Amino acid sequence: CPALPRTEFADVTAEAYAVGTRLYYECDSGYRRRGGQYPGIQCQSTQQFASWVYKEFECIDEKILMSMALTTELDVTQKPEIKTQSPAPQKQANLSEFDQKDFCGPPKTLPHASLRLNKHYYMGQVLHFKCQSGYDKRSPTSGTRTCKKVNGKIIWTPLDLRCTNDS
């Protein structure tokens, strides 16, 4: 798909992602990813359905990482125990509109991490736009764009959504 046109004062989400899509987790402020772990996930197709392929990824409180670094410097053999929250299972989105072999549902949420906005999308991708806090929808209010082929050209459908705070 072509680059997604910028939409002021709106956040973008998706309920399903086309096979081949790669997304990346970013640790929230005050947390850092455990060394050597890859933050990326990819939507891949199997014989039955599409699903996300995850590698081990964890965001750890920077204070705990600092104390672990000090412990290592002091050469203390006892390591502090870090309890990790097991990630929530991926919920299967209602993809009746799409073939489940071609689209993955929403990725699982990880503690203290968020997904970075994707820059590359595939045909069939539907994006949902929502006005940011403090901004209101102005008519027309359809909040979606779809990447599709029209007359042999791949385009994003027009977005009929305006977000304004009247200033």
Side-chain angles (χ1 to χ4, degrees), residues 1-29 31-60 84-164:
C1 296
L4 183 67
R6 190 169 181 277
T7 305
E8 280 194 306
F9 316 120
D11 292 321
V12 183
T13 60
E15 293 171 10
Y17 294 87
V19 166
T21 300
R22 289 180 189 267
L23 297 176
Y24 298 89
Y25 287 103
E26 286 183 340
C27 292
D28 297 338
S29 180
Y31 293 84
R32 211 176 287 163
R33 98 179 125 107
R34 189 181 283 279
Q37 291 184 342
Y38 181 65
I41 60 174
Q42 184 173 18
C43 178
Q44 293 183 350
S45 186
T46 63
Q47 289 180 341
Q48 289 89 12
F49 55 89
S51 63
W52 291 105
V53 176
Y54 296 91
K55 296 199 177 355
E56 187 178 354
F57 183 78
E58 182 181 15
C59 293
I60 301 183
T84 58
Q85 188 177 341
S86 61
Q90 178 185 340
K91 58 184 176 195
Q92 201 61 25
N94 178 10
L95 302 177
S96 56
E97 185 179 339
F98 303 112
D99 183 344
Q100 289 189 350
K101 284 186 175 184
D102 297 327
F103 287 85
C104 289
K108 64 185 174 184
T109 56
L110 296 179
H112 316 297
S114 53
L115 284 163
R116 186 175 0 150
L117 183 64
N118 195 22
K119 301 242 187 308
H120 303 287
Y121 295 102
Y122 295 85
M123 261 198 337
Q125 180 68 63
V126 178
L127 297 177
H128 302 268
F129 292 78
K130 183 180 175 200
C131 291
Q132 292 171 348
S133 179
Y135 292 86
D136 298 315
K137 278 186 193 178
R138 290 289 182 253
S139 167
T141 59
S142 167
T144 63
R145 281 192 116 128
T146 304
C147 178
K148 61 187 191 180
K149 193 178 256 187
V150 176
N151 299 329
K153 200 174 174 191
I154 299 173
I155 60 146
W156 285 102
T157 58
L159 177 66
D160 291 331
L161 172 77
R162 281 189 4 209
C163 298
T164 182

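As a basis for the values below, the full set of heavy atoms in this structure was taken, side chains included, without hydrogen atoms, waters or symmetry mates. What you see is a predicted model; the values in this text were computed from it and never measured. In this chain, numbering begins with 1 at the start of the sequence shown.
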- Report the distance from atom CD of E26 to atom CG of L115, rounding to the nearest 0.5 Å. 9.0 Å

- CD (Q42) and CG (L23) are apart, to the nearest 0.5 Å, by 10.0 Å

Using the test side chain to side chain contact (heavy atoms under 4.5 Å, CB included), find all partners of [X] that sit at least two apart in sequence or belong to another chain.
| X | result |
| --- | --- |
| Q37 | R34, E56, F57, E58 |
| D11 | Q132 |
| V12 | L117, L127, F129 |

- Partners passing ring-ring contact (aromatic ring centres under 6.0 Å, His included) against Y135 (at least two apart in sequence or in another chain): F9

Any non-hydrogen side-chain atom of [X] less than 4.5 Å from a side-chain atom of [Y]?
| X | Y | result |
| --- | --- | --- |
| F103 | C43 | no |
| P107 | Y25 | yes |
| R32 | C27 | no |
| Y122 | V19 | no |

- Message: Using modelled atom types and a 3.5 Å cut-off, is there a donor and acceptor pairing between side-chain atoms of Q44 and backbone atoms of T21?
- Response: no

Considering non-hydrogen atoms only, spot the tightest contact between [X] and [Y] and give its length.
| X | Y | value |
| --- | --- | --- |
| A18 | Q125 | N-OE1, 3.5 Å |
| W156 | P2 | NE1-O, 2.9 Å |
| P111 | C59 | O-CB, 4.0 Å |

- Query: For H128, does the NE2 atom have more than 12 heavy-atom neighbours from other residues, nucleotides or ligands under 6.0 Å away?
  - Reply: yes

- How are the rings of Y31 and H112 set relative to one another: parallel (under 30°), tilted (30 to 60°) or perpendicular (over 60°)? parallel

- Only counting residues at least two apart or in another chain, list the ones meeting salt bridge (charged side-chain N to carboxylate O under 4.0 Å, His left out) with R22. none

Under 3.5 Å donor-acceptor pairs involving side-chain atoms of residues 145-154, not counting sequence neighbours:
residue	atom	partner	partner atom	Å
R145	NE	T157	O	3.0

